[in-house]
Amino acid sequence: MRCLIPLAALAFAFASPAMAFESIYQDLDLDKDCKLLGSEETAESASWQCKGYKEYPVWFSEGDLRQSIFYGHVGDWYQKGAWESFGPFNHFSGRIEWLVENGGAAAAITRFFVDNSEEPNDATRGQILVISKVGQPGAGDACVIGYVDARANKDPNVLARKVAEDKVRSFTCRTDEPVYHGERGKFAADANRFFEGQ
C-alpha cells in the first residue's frame, strides 16, 4: 500500500503575520524522489531516503500496511528500528508542509489516512495531521511532536501550525510524548511508536 503522488513543483505560501514560520509544500513521489535503503524491497517492509527541503531529507518506512516518516538529520537511533505510526493500517497523503524559519526547516506536517474498519471507506477512515520536529545538522533530534484530528476540528491545518509554533522548540524527542491537540473524534487512532531502549 505504497503512496505514490506525482511530483509537483514546490509551492510557496507565506503564513499569516501571527505565525513565525513560512509554509513550503512538497509532493513526495517514492519512485522519483527516493532511494531504497538496503539491498532489496520486500512485501513486508522497506525503507527509503528521500529528497526533502534543501538539505533536509525525508526518511520513509513502510511495514505491514503502515507507514512511518522522520524528517531532517537523524541520529544513530534511527538505524535501530525507530518507528512512529498508528495502530490500524494507514498511509500518508504524499504531501508535506515544511515549516521554515530563517531558511531552515523546523517542523513538518503531513496528513495520514487511517483505516478503522476491515472494509475502509470515506465514512470510517480517519484523517490525522501529524506534526513532526525536523532534525537539525549535528543534533539528530527528529520525531512526532503532536497530532490533530482533521475530521473533528475546524481549520485543522491552522491548529497544526500553531502546535508546531508552540511545541517544536521545547519538545524533547524520545522523552516527551506526543498527544492530540484540539478535539479528538471517534475516527482518530492511537499512535504506534518504537524507539530502542524505551
Side-chain angles (χ1 to χ4, degrees), residues 1-8 10 24-99 104-115 120 126-147 164 168 171-178 189-198:
M1 190 182 200
R2 188 189 304 176
C3 183
L4 297 178
I5 304 297
L7 182 65
L10 294 182
I24 297 178
Y25 297 89
Q26 175 189 6
D27 290 319
L28 190 69
D29 185 322
L30 291 183
D31 288 333
K32 295 180 180 179
D33 302 330
C34 307
K35 65 177 181 179
L36 184 67
L37 300 177
S39 58
E40 63 181 66
E41 177 183 358
T42 68
E44 292 78 19
S45 63
S47 296
W48 293 262
Q49 180 179 349
C50 307
K51 181 180 179 181
Y53 172 73
K54 292 187 176 180
E55 75 275 16
Y56 297 93
V58 176
W59 305 88
F60 180 88
S61 298
E62 182 176 70
D64 193 23
L65 299 180
R66 297 166 176 87
Q67 297 180 344
S68 173
I69 309 174
F70 292 90
Y71 304 89
H73 302 271
V74 296
D76 294 341
W77 53 266
Y78 179 76
Q79 307 299 332
K80 300 176 182 179
W83 177 266
E84 291 193 291
S85 187
F86 298 97
F89 296 154
N90 62 75
H91 65 279
F92 94 114
S93 67
R95 170 157 284 203
I96 301 168
E97 179 181 0
W98 295 91
L99 300 179
I109 301 172
T110 51
R111 183 181 298 255
F112 269 71
F113 297 95
V114 178
D115 296 332
Q127 295 188 34
I128 302 166
L129 299 183
V130 179
I131 307 104
S132 298
K133 185 172 188 174
V134 176
Q136 301 303 312
D141 203 20
C143 63
V144 173
I145 64 172
Y147 310 97
V168 72
F171 196 93
T172 302
C173 292
R174 296 171 301 284
T175 298
D176 296 340
E177 292 283 338
D190 289 335
N192 184 326
R193 305 171 65 242
F194 171 81
F195 294 100
E196 185 176 285
Q198 287 190 326

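Starting from 1, each residue takes its place in the sequence as its number. Atoms considered below: every heavy atom in the structure, side chains included; atoms not considered: hydrogens, waters and symmetry mates.
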Could you tell me the separation between the [atom1] atom of [X] and the [atom2] atom of [Y], rounded to the nearest 0.5 Å?
X	Y	atom1	atom2	value
Ser68	Phe194	OG	CZ	11.5 Å
Gln136	Tyr71	CD	OH	14.5 Å
Glu196	Asp76	CD	CG	11.0 Å
Gln67	Trp83	CD	CH2	7.5 Å
Ile131	Tyr147	CD1	OH	9.0 Å
Cys173	Asp141	SG	CG	4.0 Å

So, for [X] and [Y], which heavy atoms are closest and what is the spacing to 0.1 Å?
X	Y	value
Ala189	Ile128	N-CD1, 3.5 Å
Ser47	Leu36	O-CD1, 3.4 Å
Phe60	Cys50	CB-SG, 4.3 Å
Pro178	Asp176	CD-O, 3.8 Å
Val168	Ala106	CG2-O, 3.3 Å
Val58	Lys51	CG2-O, 4.4 Å

Leu28 and Phe92: CA distance, side-chain angles, deciding distance, side chain to side chain contact (heavy atoms under 4.5 Å, CB included) verdict:
CA-CA 10 Å; Leu28 190 69; Phe92 94 114; 3.9 Å; yes

Tell me, with the steps shown, if Ile24 and Gln26 meet side chain to side chain contact (heavy atoms under 4.5 Å, CB included).
CA-CA 7 Å; Ile24 297 178; Gln26 175 189 6; over 6 Å; no

Begin from the C-alpha positions of Val134 and Tyr53 and carry the test side chain to side chain contact (heavy atoms under 4.5 Å, CB included) through to its verdict.
CA-CA 11 Å; Val134 176; Tyr53 172 73; over 6 Å; no

Check: [Y] main-chain N/O paired with [X] side-chain donor or acceptor under 3.5 Å:
X	Y	result
Arg95	Ser93	no
Glu97	Ile109	no
Trp59	Gly72	yes

Residue that, paired with Ser85, satisfies side chain to side chain donor-acceptor pair (under 3.5 Å) out of Asp64, Asn192, Asn90:
Asn90

For the pair Asp33 and Trp48, evaluate side chain to side chain contact (heavy atoms under 4.5 Å, CB included) and give the outcome as yes or no after the intermediate values.
CA-CA 9 Å; Asp33 302 330; Trp48 293 262; over 6 Å; no

So Trp98 and Tyr56, would you call those rings parallel, tilted or perpendicular, with 30° and 60° as cut-offs?
tilted

Parallel, tilted or perpendicular, as decided by the 30° and 60° cut-offs, for the rings of Trp77 and Phe70
perpendicular

Centroid-centroid under 6.0 Å between Phe112 and His91 rings
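No, ring centres 6.0 Å or more apart.
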
